[in-house]
Every structure is written in C-alpha cells, then in structure tokens.
Amino acid sequence: MIKMVELFCGAGLIGEGFHQAGFDAIYAADLDKDAITSYNQNLSNKVGVVSNVGIVRTDLKCDVILAGPPCQGFSTLGKRDKKDERNKLSLLLLDWAKSTCAKVIVIENVPQFLNSEYHKTLVKEFKKMGYEYTSWVLNASEFNTPQNRKRSFTIFSLIGLPEQPITSTKKITVKEAFKGLNLVADADGMHSVPQPTALALERIKAVPRDGSKIDLMEKFPHLCPKSWFKMGHQAVDVWGRMHWNKPSNTIRCSFQRPSKGRYLHPTENRCITLREGARLQGIPDHWNFHGSKTSIARQIGNGVPIPLAKAVGESIVKLFN
C-alpha cells in the first residue's frame, strides 16, 4: 500500500483521483467542515478531519504528501496580493515533509504559482533536503474531463521524477457530459439552480445560443448596467452560454451565478445545476455532498477534476512500482 497524507484536501476530488491510481490516504485535513463531511461520505478510507494544516502532525509516516494550498493569492481571477497570508501556507509542506519522511510531495495550484516567490523558496529548500523536482501545467480537457481547466503540479521526489501524463486523443464535450440529465432542473437537490431575479431571468432569456453579455449590450442595452459599457469588451464570458460541442470553461465556486462567467446552460434559460457542475468535474452521480447549496458549489468548484487527478496519480505511482 502506498500511504498518502492529504493536506487542504477539500471534498476529496483530487484524493479520489489518486485513490483510483493506487494510493491510500491515511490522513486528510481541511478547515472546511462541510467539505470534510463530504470527503468522508464519498471516499472509502473516511480519514478526513477538520484540522488546521499549520498544526504539523509528528505521529504520521507516509510515502506521498498530496497538497492543494489556497490559490486565491496567485490566481489571475483574484487580486494576486503578494501579502495575502494564504500564500504562505504552501511553505508548510517543508515541515510536513520532514515530519512524515515522505518520499514524494505533490503540490497542485494555479499555473501562476510556478512564478511565485513561494515556489522558488520551496524548490530551494526541498533541494537542500535532497529532493529533485519537476513542474507541469496541464489542461483538464486533455485528460478525459469535459472542462478547460489549467492547473500546475509540482512534484518533489527522493526516488526519481515521473514522466508527464499522456494526453487523451479525444475531448469530451458539454453535451456528452450532460447526457442522461433532464433539461428541466429540479426544484431541489443536486439537479437544481437558484431562482433568478426578474431582471436576471430577462437577461438569460435574451442571451442567444453560444452568446454572452456582448449580445446583450448590442441587442438589449436596456437590460445592461452602464458599467458594462464603460468596461467595453472586458470579461466577455459573463452572462454567457456554454457551448454544446466543446468542453466547458473553468468551473469556479460561483458557477451558479451568471455574472461570474459562462455558466448558462447551452439551451435552457438557467444556470447549470449543481449536478451538471459536478459532471464537468468528473464527479460520479452517486457522490453526496454535505452543506448548503452555496457550500456544495464551493466544494465542487474548488476541486481538481477527478480524471485529471487520476492521470497525475498514475504517472507518480510508477515511481513506486
């Protein structure tokens, strides 16, 4: 058994991918209580605990540390604040590596993380400890996931470096991902959406197939706030419909808010449902999530697509074979 410790584990999407690749988690920590409950409901090991990752365990030994520290301080979608306290959390991996004697450390984050001072510090300090490293930027749509989502993976290793995962030959579309789901959303449950305001519904109905706020500005200016025209053609994907015959855009925590991205259903006058968002992350329909709908959307949007995680895990597991 290849023992794994998960840090910033969320609801377990990346952990499930690694589990499918041959790893067994002995401990998984996150501060989000709802996410930990979801983790233990869906992953067979049920080792998730609500814990501050800053409290380094001294009683755990493992082969691999898998960590997805917060990315808000690095993401282009955020403020990219160099003083954001969350940025420092990635450095905790040094203490965890020493404590657990892990042979391999895998850090997942946004691609911009690779250009940060924190990444440079990790490379410098892990080299002192004898670790080699390699970094990849992978798009989930190239690994059996119906979503364009670029993530970075940095692997520090004492037992050699893995080869980058081989991309799949075919991309999965939104239409294929939503197959079997009713076009009409349910009133409650995972296949549901928030009730829009009257103005929001009017905007949604006016967005044509494959369209976005640009179409609203050109054809329905009375439905648009003045700020849109001041911004011009910035943030063109907001109030946009997904394309049936392409992978979706990146699913964020706010994917049930059309003002945050191209999150309208391709043909229906609504945002995508929680279940549809989960499908785009490669989450099986039998998974159950704990918490409010806002919390569930956050758990889904914060995760690494399971098929992408599995592909990375399959490359790393070869180091132990």
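Nothing here was measured: the structure is a model prediction, and the numbers come from that model. For the single chain, residues carry numbers from 1 onward in sequence order.
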query: Rounded to the nearest 0.5 Å, what separation is found between the CZ atom of Phe289 and the CD atom of Gln299?
result: 6.5 Å

- prompt: Going by an N to O cut-off under 4.0 Å, is there a salt bridge joining Lys103 and Asp63?
  reply: yes

message: Looking at Glu117, is its backbone amide N or carbonyl O close enough to the side chain of Thr121 to form a donor-acceptor pair, meaning the two atoms are under 3.5 Å apart?
response: yes

field: Ion pair check, Lys128 and Glu125, cut-off under 4.0 Å
entry: yes

message: Any side-chain to backbone donor/acceptor pair from Arg241 onto Arg262? Under 3.5 Å, distance only.
response: no

task: Indicate yes or no for a side-chain donor-acceptor contact from Gln147 to the backbone of Thr250 under 3.5 Å, with no hydrogens or angles considered.
output: no

Below 3.5 Å, can you tabulate the donor-acceptor pairs from side chains in residues 304-317 to any protein atom, sequence neighbours excluded?
| unit_1 | atom_1 | unit_2 | atom_2 | d |
| --- | --- | --- | --- | --- |
| Ser315 | OG | Glu163 | O | 3.2 |

statement: Partner of His191 under side-chain hydrogen bond (donor to acceptor under 3.5 Å, both in side chains), picked from Asp186, Thr273, Asp285, is Thr273

- request: Report yes or no: does Glu176 contribute a side-chain atom to a donor-acceptor pair with the main-chain N or O of Thr173 at less than 3.5 Å?
  value: yes

task: With Met242 as reference, evaluate Thr267, Leu264, Leu280, Asp210 under the side-chain contact (heavy atoms from CB on, under 4.5 Å) test and give the passing residue.
output: Leu280

- prompt: So is Arg203 actually on top of Trp239's ring, under 6.0 Å and inside 45° of the axis?
  reply: yes

query: Quick check: does any side chain N or O of Asn42 sit under 3.5 Å from a backbone N or O of Ser38, one acting as donor and the other as acceptor?
result: yes

task: Give a yes or no on whether the backbone of Lys179 and the side-chain of Arg279 come within a donor-acceptor separation of less than 3.5 Å.
output: yes

field: Geometric class of the Phe126/Tyr131 ring pair [parallel <30°, tilted 30-60°, perpendicular >60°]
entry: perpendicular

- line: Rounded to the nearest 0.5 angstrom, the NE2-OG distance for His119 and Ser90 is 9.0 Å

query: Got a salt bridge between Lys213 and Glu218, using NZ or NE/NH1/NH2 to carboxylate O under 4.0 Å?
result: no

Lys/Arg N to Asp/Glu carboxylate O, Glu202 vs Lys205, below 4.0 Å: no

- prompt: Do the side-chain N and O atoms of Ser141 and Asn148 include a donor-acceptor pair separated by under 3.5 angstrom?
  reply: yes

message: Starting from Tyr27, can I reach Leu43 by hopping between I/L/V/M/F/W/Y residues whose side chains sit under 4.5 Å apart?
response: no

query: So, Asp188 and Lys293, do they make that salt bridge, N to O below 4.0 Å?
result: yes

Any donor-acceptor pair under 3.5 Å from Ser157 side chain to Glu132 backbone: no

